[in-house]
Amino acid sequence: MSQVQFGVSLAPRTEDLDTIVKLAVAADAAGLDLLAIQDHPYVAEFVDTFSLIGHLLSRTTRIRIFPDVANLPLRPPAMLAKAAATLDLLSGGRFELGLGGGASMDAIAAMGGPVLARRDALPALAEAIDVIRALWRAGETAHAGGDHHRVDGIDAGPAPAHAIGIWLGSIGSRALDLTGRVADGWAAPIPKYLAHEDRAAAQDRIDTAARAAGRDPRAIRRLAQLPGIITDDRDDGAPVGNDSIVGPPQRWVETIDHFVRDLRYDTVIFWPDQTTEIQLRRFTDEVMPGVRAKLTRGDRGEML
């Protein structure tokens with residue numbers, strides 16, 4: 001079975017900055033693959049995600065970091081491409097790009113950002129991806145985009161240090177289709193926005209769109225983002241609907257095994273309800289080894 005990757009997602013709250021830095025360093029030392037920083041620029045108590053990511057990259061050595069997910073309406077794609085390439089170069093290839101079409105449109109408008117009609121959001125996102133990738137092709141003259149985002153005749157560059165993945169935070173059917181057609185990965189939303197029972201159909205939709213576009217669905221990374229708390233309480237059973245996971249390490253192991261084996265995710269991002277080193281350590285020291293051992297014992301072939 002392919003090696004599952006693990007990460008943790010944190011909210012960039014001003015009052016938690018010291019804790020976030022400590023957790024990033026601890027996650028790096030513990031061998032986590034990914035650190036996700038949520039991006040909601042309109043939230044007053046949140047610092048700027050990209051500035052924070054730059055600082056965290058300077059304090060770590062191996063973990064890859066990505067915005068979860070970058071708010072496109074407030075981050076124009078041409079400058080987003082420049083920022084992403086710069087962070088990747090400075091960190092030796094440890095930046096990835098989670099990207100979304102933008103939520104909380106009223107808040108985006110209040111911050112001075114553009115408000116698109118619903119029918120235009122996905123075409124704008126597709127154009128943004130085209131612009132970003134064109135600007136990473138250093139040495140070329142970039143002509144990309146369309147009606148909403150466009151570059152026309154600018155010299156591309158700089159190129160990032162590695163092939164940055166563009167992972168879309170998509171939910172609806174048309175957004176899932178776009179993910180299958182063009183994205184490098186799917187940063188699946190937390191259960192609050194995508195119920196446990198709806199995930200298999202979402203995966204199938206991405207696969208179908210990928211095949212229709214002539215792509216191998218196995219080339220698309222699948223990130224499950226699981227909020228909750230690791231406790232010492234009794235196990236109340238598998239989460240359903242929009243439930244977070246609240247239970248002992250074995251409940252987390254069983255749930256993640258289901259997400260990997262049955263729902264075909266290859267990456268698991270822990271969203272701790274409590275931003276503490278204790279929760280991080282329980283995930284890295286109890287949950288992750290349990291998942292790996294269970295997958296090894298019960299291997300039924302390649303994922304996806």
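For the single chain, residues carry numbers from 1 onward in sequence order. Since the model is a prediction, treat every value here as computed from it, not as a measurement.
- In this structure a side-chain-to-backbone donor-acceptor pair under 3.5 Å is missing from Gln225 to Ile269.
- With respect to Asp207 and Arg222, a salt bridge is recorded, a charged nitrogen being found less than 4.0 Å from a carboxylate O.
- Glu45 and His40 share no side-chain donor-acceptor pair at under 3.5 Å.
- Considering only heavy atoms from C-beta on, Asp68 comes within 4.5 Å of Trp271 through its side chain.
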Practice problem: Step by step, work out the side-chain contact (heavy atoms from CB on, under 4.5 Å) result for Leu35 and Val8. | Solution: CA-CA 5 Å; Leu35 171 60; Val8 62; 3.7 Å; yes
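- No donor-acceptor pair under 3.5 Å is formed between the side chain of Asp33 and the backbone N or O of Gly7.
- A donor-acceptor pair under 3.5 Å links the side-chain atoms of Lys82 to the main chain of Gly157, judged by distance alone.
- Interatomic distance, Trp252 CH2 to Glu286 CD, rounded to the nearest 0.5 Å: 12.5 Å.
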Please tabulate, for the side chains in residues 185-196, all donor-acceptor contacts under 3.5 angstrom to protein atoms that are two or more places apart in sequence or on a different chain.
unit_1, atom_1, unit_2, atom_2, d
Trp186, NE1, Ser170, O, 2.9
Trp186, NE1, Ser170, OG, 3.2
His196, NE2, Asp243, O, 2.9

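- The closest side-chain heavy-atom distance from Phe270 to Leu32 is not below 4.5 Å.
- Atom CG of Leu17 and atom CD of Glu15 lie 8.0 Å apart (nearest 0.5 Å).
- A salt bridge between Asp88 and Arg64 is absent, with no side-chain N of the basic residue lying under 4.0 Å from a carboxylate O of the acidic one.
- Cluster membership for Val4 and Tyr265, using ILVMFWY side-chain heavy atoms within less than 4.5 angstrom, is shared.
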Quiz item: Would Ile129 and Leu168 satisfy side-chain contact (heavy atoms from CB on, under 4.5 Å), going step by step from the backbone distance to the final call?
Solution: CA-CA 10 Å; Ile129 295 169; Leu168 295 187; 3.9 Å; yes
Quiz prompt | salt bridge (Lys or Arg N to Asp or Glu O under 4.0 Å) between Asp233 and Arg251, intermediate numbers included | solution = CA-CA 10 Å; Asp233 299 335; Arg251 167 47 49 205; over 6 Å; no
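- Residue Asp18 qualifies as open at atom CG: its count of foreign heavy atoms under 6.0 Å is 12 or below.
- Atom-to-atom distance recorded for Leu263:CG and Glu197:CD is 10.0 Å, nearest 0.5 angstrom.
- Summarising the geometry, atom CG belonging to Leu135 is positioned 10.5 Å from atom CD belonging to Glu140; distances are rounded to the nearest 0.5 Å.
- Proximity of a side-chain donor or acceptor of Ser58 to a complementary backbone N or O of His55 within less than 3.5 Å is detected.
- Between the side chains of Asp16 and Thr275, no donor-acceptor pair of N or O atoms lies under 3.5 Å.
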Self-check item: Full working for side-chain contact (heavy atoms from CB on, under 4.5 Å) between Leu99 and Leu72
Solution: CA-CA 7 Å; Leu99 186 61; Leu72 179 62; 4.2 Å; yes
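- Judged purely by atom type and a 3.5 angstrom limit, Ser91 uses its side chain to pair as donor or acceptor with the backbone of Arg94.
- Taking a cutoff of 4.0 Å between a charged side-chain nitrogen and a carboxylate oxygen, Arg282 and Asp232 qualify as a salt bridge.
- For the pair Ile220 and Ala210, the tightest heavy-atom approach, listed with the atom from each and the gap, is CD1-CB, 3.8 Å.
- Under the 4.5 Å side-chain heavy-atom criterion for grouping Ile, Leu, Val, Met, Phe, Trp and Tyr, Leu176 is not connected to Trp167 through any hydrophobic cluster.
- Here the side chain of Thr49 pairs a donor or acceptor atom with the backbone of Gln38 at under 3.5 angstrom.
- Considering CD1 of Ile154 and OG1 of Thr141, their distance stands at 9.0 Å, rounded to 0.5 Å.
- Under the 4.5 Å side-chain heavy-atom criterion for ILVMFWY residues, a single connected hydrophobic cluster contains both Phe95 and Ile166.
- A salt bridge does not link Asp198 with Arg205: none of the charged nitrogens is closer than 4.0 Å to a carboxylate oxygen.
- Judged purely by atom type and a 3.5 angstrom limit, Glu127 uses its side chain to pair as donor or acceptor with the backbone of His148.
- When the side chains of ILVMFWY residues are joined at heavy-atom separations under 4.5 Å, either directly or via intervening members, Leu87 and Leu34 end up in two distinct hydrophobic clusters.
- Annotation: the span from Leu52 atom CG to Leu57 atom CG amounts to 9.5 Å, rounded to 0.5 Å.
- Glu277 places no side-chain N or O within 3.5 Å of a backbone atom of Leu23 that could act as its donor or acceptor partner.
- Leu74 is not connected to Met79 by any chain of hydrophobic side-chain contacts under 4.5 Å among Ile, Leu, Val, Met, Phe, Trp and Tyr, and they are in different clusters.
- Few gaps surround CD1 on Ile171; more than 12 heavy atoms of other groups in view lie less than 6.0 Å from it.
- Hydrophobic side-chain contacts under 4.5 Å tie Ile229 to no other Ile, Leu, Val, Met, Phe, Trp or Tyr residue.
- The pair Arg221-Asp184 does not count as a salt bridge, with every side-chain nitrogen at least 4.0 angstrom from each carboxylate oxygen.
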Exercise. List the steps and the verdict of side-chain contact (heavy atoms from CB on, under 4.5 Å) for Val21 and Leu56.
Key: CA-CA 7 Å; Val21 173; Leu56 297 178; 4.0 Å; yes
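- Side chain of Arg137 to main chain of Ala142: no donor-acceptor pair is present (N/O by atom type, distance under 3.5 Å, no hydrogens or angles).
- Using modelled atom types, no side-chain atom of Asp177 and backbone atom of Ala209 make a donor-acceptor pair closer than 3.5 Å.
- Other residues, nucleotides and ligands contribute over 12 non-hydrogen atoms within 6.0 Å of the CZ atom of Arg62.
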